[in-house]
Structure formats: C-alpha cells, structure tokens
Amino acid sequence: MSAHDTRSAVRPDPDQPLVDIADYVVDYQIDSQEAYDTARYMLLDSLGTSMLAMKFPECAKHLGPLVPGATLPGGARVPGTSHELDPAQAAFAIGTQIRWLDFNDTWLAAEWGHPSDNLGAILAVADYLSRKAEREGGQPLTVRDVLGYAIKAHEIQGCYALLNSFNRVGQDHVILVRLASTAVATAMLGGNKEQITTAVSHSWIDNGALRTYRHAPNTGPRKSWAAGDACRRAVTHAINAVYRGVVGYPSALSAKTWGFYDVAFKGKPFEFERPFGSYVMENVLFKISFPAEFHAQTAVECAMQLHGEVADRIDQIEKIVIETQEAGCRIIDKTGPLANYADRDHCIQYMVAVPLIFGRLVASDYSDDIAADPRIDALRDRMTVVENPQFTRDYFDPAKRYIGNSVQVFFKDGSGTGKVSIDYPIGHRQRRAEGIPVLLQKFEAAIRDHLPAHRVKAIMVATKDPAQLDAMPVQQFLALFTL
C-alpha cells in the first residue's frame, strides 16, 4: 500500500529522523574531552546567566509554581530561589532564567538558537531524579552525566539547525529545544529507543511556535520564556512516554497532508550536513561580554573600539555604516520606536549606539531609563545597515562559522573613523583561550551578585577542579545555588 494512500490504516515504520535521534541518544559514546570541557564551561555560564536574570522582576515572577501552592517538596529546585517544583514546571523556570537576558550560548546556521536552553529540562529532570534516588537509596546522577546529556542535546538541536531553516517558514527556533530536550529527558527517565521515538514524535506533532514575538512590530518578552515553555513541554512528552506508555506516531514527519513536512515545512524533508557526534558543543558560541543578540556581538565590539574616538563628537556625527551578515540584516535591522527591552536587544542600531555613547553594553542599558536618552535614537536615525556578502559566506562556511560585522563613523566636517571589522567574537571557538577566563569572571561576578557569601565560597571550591566537579552528585551541586 502506498505511503501516500491516506485511506490506509497500516502503521508505517517510524520516520528515519526519529530513529536516528533515538539511536544517538542511547548508543553514542562521547569520547571528546573538548566537548566535556566546553560543556562544563557552558553549565557554569548558564547558571551564572540565571543568577543575573534574578535582578529582573519580570523574570522572577515566572519562576514559581504555575498556580500558588502547587509546589513539590523534594522535587526539582530552581537555582537562585527556594522553589521546589514538579520537573515539568521546574524545566520551564530554569529554561526561562537561562534565556531571559539573551546572554547564554548560541548556535548560528540556517536556523539560529541557544542550545543551553535545553538545560532547563536537563537540570530539572536530573535534580528530580537524583533527589528521589537519594531518598530511596538509589544512585543519583553526577554532574558528568548532566554534561553528557547536554552534549547530546546541543548536538541534536545544532545539527538540525545546520541546513534546516525553521525561521524561513515562520517558526521559532525553540521547536528544536523541545525536540532535543524531549529526546534526552526521555532517556534520563529510563526510556528505551522505542519510548524516545514515541516522545519525539509527539514533539513534532506539537508543530512550532510562531516567531511573531521576535520581530517588529510585535517584539515582546515572550521570547525570553519561549525556551522555558519548550523545556516544559519536552518533560511532559518524556513523562508521558516513559511513565504512561502513550502511543507514538511513526510518520509524524512524513504522513501525507497531516505530517510536519506537509503542514509546516512546505513538503520538504529535513536535510543533514553531518551525523550526530559532539561537533556542536565543541563549536558552540558563548556570549561573554555583551547581553546582545548574537548576530550583533561583533558589531558591539567594533563600537566599543570606536567609543574613545567618537564619544566627544556624538553631536557631530553625520552617518554610521554598519556592515553585517544577511541574517543580521533580516533579524535585527530595525527602525522606528522601540517599545521594550525585547525590542532593544534585537535592534543592531540600538546595540551599536549605546557603546558608541557610553562605552558599555549591559543588561540595564535596554531599560526604559537608558532608552530615553535622546542621543540613542538620534544615532539610530543616522545609521545604515547593509549586507557584506563576505560576512554572509563566512557565516555559512562550516570551517569558519564566523559572525562578522564592521562599523564606520562619518562626521559632518567630512572626516571619519577607520572601518573597524571583527570576523568572530570573543565567544567563538577560535578565541577560546582568550574567552574562557572572561567567561569564568562573568560567572563568579554573577553568583556573587545574587547568592550569599557562604554559597559563593562553596561553589568556587566545587568548580575549581574539573574532575571533582564531574564526580559530584548533581543534587548536591544544585543545592549550592538554592536559597
């Protein structure tokens, strides 16, 4: 019977992409020391970013139970708080914390995204399972286990993103957070290949969130909790597959008319550049210096270099030319009034104007108070954003994965600065030696700013030695971050 005969009730074999994920999550042995080392830095960076987010009441209000009183003593904890929740709601909270400031790691290709978003699901499930094991005399997960699951979640999300553009069909990249988190959370709960395939099929049947909240004129704070929402949904799918034995949908992708390909992807099957391994974690991009949408990171660095040359001549500027990649033009080239934080941290003109004027770009610079400075919009009005084709080529080159930008300032008297160009930011793999010490400084400053001194001291001791940290039961590690 033809696979396209919609009258046939014959259950097909599972779509190959579902099988490939299940095989990878269960069978693949990670042998890359670089991947584990990078994952360890990623974990610390994400937790530090979570602590920074606690300064923002709009973030903190999302972090408790869904309704008052719906707590779970002994459940999964939310770092930087005293909340104990069921693992699905904890996944939402942790994913929201990590993502709130747009300051966690990034992956850029045909699709964009932030693979450390998956820690929302991974840490919530790990803490829930490990605290349960501790009570019942079982074996808790270690930090090393968490790093392994994070490497696999990064790989699934990142490999799908290499050649498959969900943004081109209007879908948000958190669809891949839900996919990767569903797969690894199911495995963490003890799921076998069949159960992982089942859970992943449910993830695809959910379809995807629209990117409406990331783009003018509707940019808003949902983009800061969208990944948390994907993590919560992923844990739900994992629990349903392992604990409730729900039925899977083998042709969730390929079913004629009703499958994901036909409904949401213009009938095209997914394409893959490489098999799953540990490539994504090894090459992931860290946001170290600036809480800014990643396509603008090097533009901010350029502006920082120009600050000293232009700060005393802001009122004499005639025009500013920003060259960026095609993706930067499409996502963050924005004119007109900027309504909120989410609008501003996705506007390349704003993210260049602030460092030109102030010599900095920090999270509070997206606040209404700073945005009210008339010099910012005056500079934005004088900016031109154009695509540099070489930046675009280098962006897609798998051997480079650059995110280049250049900035040049011209004055009314006919003079101008030189063109400052940066191919890749401090968080790029090629700048690891320079970037990791700065990342660790960012982490320590973040935890000192939110946690009590005795917690900070214990965290610094626990994280000083990689082998010691890897062997630590994960519930003991996360306890250091709770209030």
Side-chain angles (χ1 to χ4, degrees), residues 49 52-62 96-97 99-104 106 114 211-226 287-322 324 328-385 405 407 409 425 442 446 449:
T49 299
L52 291 173
M54 295 303 297
K55 292 182 179 180
F56 294 81
E58 284 297 304
C59 175
K61 74 181 184 182
H62 287 288
T96 295
Q97 282 182 307
R99 190 73 200 96
W100 193 264
L101 294 180
D102 203 357
F103 211 1
N104 58 320
T106 300
H114 308 273
R211 287 185 59 87
T212 311
Y213 47 79
R214 294 194 190 274
H215 295 276
N218 292 294
T219 317
R222 177 168 175 162
K223 73 181 184 64
S224 296
W225 55 260
K287 287 188 181 181
I288 297 176
S289 300
F290 311 110
E293 204 281 339
F294 213 98
H295 292 92
Q297 288 279 317
T298 50
V300 177
E301 281 199 65
C302 293
M304 290 290 290
Q305 290 188 21
L306 289 169
H307 166 71
E309 193 173 348
V310 306
D312 294 334
R313 304 181 65 186
I314 295 296
D315 59 345
Q316 301 172 36
I317 292 175
E318 180 177 17
K319 68 176 180 178
I320 301 167
V321 177
I322 302 170
T324 190
C329 288
R330 186 150 48 94
I331 307 166
I332 51 177
D333 176 8
K334 191 178 296 184
T335 63
L338 302 175
N340 51 49
Y341 184 115
D343 246 351
R344 296 165 196 140
D345 80 345
H346 272 57
C347 172
I348 193 170
Q349 293 93 334
Y350 189 97
M351 291 182 279
V352 167
V354 169
L356 287 177
I357 296 168
F358 299 109
R360 66 165 197 262
L361 184 65
V362 296
S364 59
D365 285 326
Y366 299 116
S367 68
D368 291 347
D369 289 344
I370 299 298
D373 189 316
R375 294 176 297 174
I376 296 176
D377 282 346
L379 284 190
R380 289 178 58 220
D381 289 342
R382 297 170 197 163
M383 292 182 185
T384 300
V385 178
N405 281 281
V407 179
V409 178
K442 170 190 168 186
D449 205 33

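In this structure, the side chain of Lys442 engages the main chain of Lys287 through a donor-acceptor pair within 3.5 Å.
Scored by the side chain to side chain donor-acceptor pair (under 3.5 Å) test, Glu58 finds Lys61 as partners (sequence neighbours excluded). For Arg380, the side chain to side chain donor-acceptor pair (under 3.5 Å) partners two or more places apart in sequence, or in a different chain, are Asp377. Remark: His62 pairs with no residue by the side chain to side chain donor-acceptor pair (under 3.5 Å) rule, at least two apart or across chains. Residues satisfying the ring-ring contact (aromatic ring centres under 6.0 Å, His included) test with His346, not counting sequence neighbours, are none. Considering only residues two or more places apart in sequence or on other chains, Asn340 meets the side chain to side chain donor-acceptor pair (under 3.5 Å) condition with none of them.
Listed by first and then second residue, the salt bridge (charged side-chain N to carboxylate O under 4.0 Å, His left out) pairs that reach into residues 305-322 are Arg313-Asp413, sequence neighbours excluded.
Looking at heavy atoms from C-beta onward, Gln316 lies out of side-chain contact with Val310 at the 4.5 angstrom threshold. Within the 4.5 Å cutoff, the side chain of Asp333 has no heavy atoms near those of the Thr324 side chain. By the 4.5 Å heavy-atom criterion applied to side chains, Phe290 and Met351 are not counted as neighbours. Taking the side chain as every heavy atom from C-beta outward, Tyr350 and Asp345 never approach each other to under 4.5 Å. Considering only heavy atoms from C-beta on, Ile376 comes within 4.5 Å of Ile370 through its side chain. Counting heavy atoms from C-beta outward, Thr106 and His114 have side chains that approach closer than 4.5 Å.
Rounding to the nearest 0.5 Å places NZ of Lys334 at 11.5 Å from CD1 of Ile348.
Contact between Ala371 and Arg344 at its shortest, heavy atoms only, is CB-NE, 3.4 Å.
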